[in-house]
Amino acid sequence: MTVSMTGFAARKGQGAGHNWSWDIRSVNGKGLDLRLRLPDWIDGLEIALRAELSRALQRGNVSLSLKVARDGAAEGAETLRLNPATLSAVLSALAQIEDAAMAAGVTLGQPTSADVLAARGVIDANSADTDPAPIRTAILADLPALLSDFQAMRAAEGAALNSVIAAQLDKIADLTAAADTEATARRDAAPTTLRDALAKVLANAEGVDETRLAQELALIAVKNDVTEELDRLRAHIDAARALLIDPAQVGRKFDFLTQEFMREANTLCSKSQSLALTRIGLDLKTVIDQMREQVQNVE
């Protein structure tokens, strides 16, 4: 079952005197890259979430955002408290920026108190007299539902990818069959072509070693034979179709296989010695490149 690395899910929850909302989204990536935006006052939450996400996902650039607020119905107005250390650091940084700007002859607008309060960490929300353990437990209990929605979307995207890639493989198979037909026709005519070429050379050359010349022409014929390339293309097609129904994460294998597809198509073009076969090879390269773009999204 093909799974896409592209997905999105959002969810709201409530528990332990708080309510929260979070969303998770991902795009393709070579490995698993987790980027989390979480309340820093809930100790141990990031470690736990990273562990769960790492178990559930294999690849992708994944971003998860979580916002938590005290439940007003249960606790009253949200508690806000200044963090003196962070406030001092922010004000010091602003002073340094202003000094540097003045030295450079640059005029800056004065920051407002709202700008200062917006700096991360200046205000601790929900931190006073709050035990983070219950809310951490409640949030982690809500995570499986979020991941279920997220994985369902990635699976749906994967099903669409599966159909697109399967159609591209069918086209590659058709082009490979056409290349085989053209190569067979060319191979049947090759002995006559070589004999004619040999006769022309011998008619216009003196002292030529006929045996050596025949060997060289035979070697050219071998080098122009594309049978192995076509056999490997057919083998790659079978391998790709097997990957499409493999329940494991096959993205890396599929990515490598598309490189092998392209290698054979390039060799086919270089050995074609035929306008019709070259055109088929170029069409193959186009479809393979299109398939590679789709495969980049497979987990």
With a 4.5 Å heavy-atom cut-off, do [X] and [Y] have their side chains touching?
X: W20; Y: P39; result: no
X: F254; Y: T2; result: no
X: L49; Y: L140; result: yes
X: R234; Y: T176; result: yes
X: L284; Y: L233; result: yes
X: R11; Y: I24; result: no
X: L36; Y: L53; result: yes
X: L282; Y: C269; result: yes

Salt-bridge criterion met for [X] and [Y] (N-O under 4.0 Å):
X: R154; Y: D149; answer: no
X: E264; Y: R232; answer: yes
X: R35; Y: D33; answer: yes
X: D289; Y: R292; answer: yes

Between R59 and M5, what is the shortest heavy-atom contact and its length? CB-SD, 3.5 Å
Would you call the rings of W41 and H18 parallel, tilted or perpendicular, taking 30° and 60° as the class edges? tilted
For A10, give me all partners under side chain to side chain contact (heavy atoms under 4.5 Å, CB included), at least two apart in sequence or on another chain.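 Applying side chain to side chain contact (heavy atoms under 4.5 Å, CB included) to A10 gives F8, D23.
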Please lay out, stage by stage, how S274 and E182 fare under the test side chain to side chain contact (heavy atoms under 4.5 Å, CB included). CA-CA 9 Å; S274 160; E182 179 62 29; 3.4 Å; yes
Are the side chain of S270 and the backbone N or O of T267 linked by a donor-acceptor pair below 3.5 Å?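 Yes, S270 side chain to T267 backbone: donor-acceptor pair under 3.5 Å.
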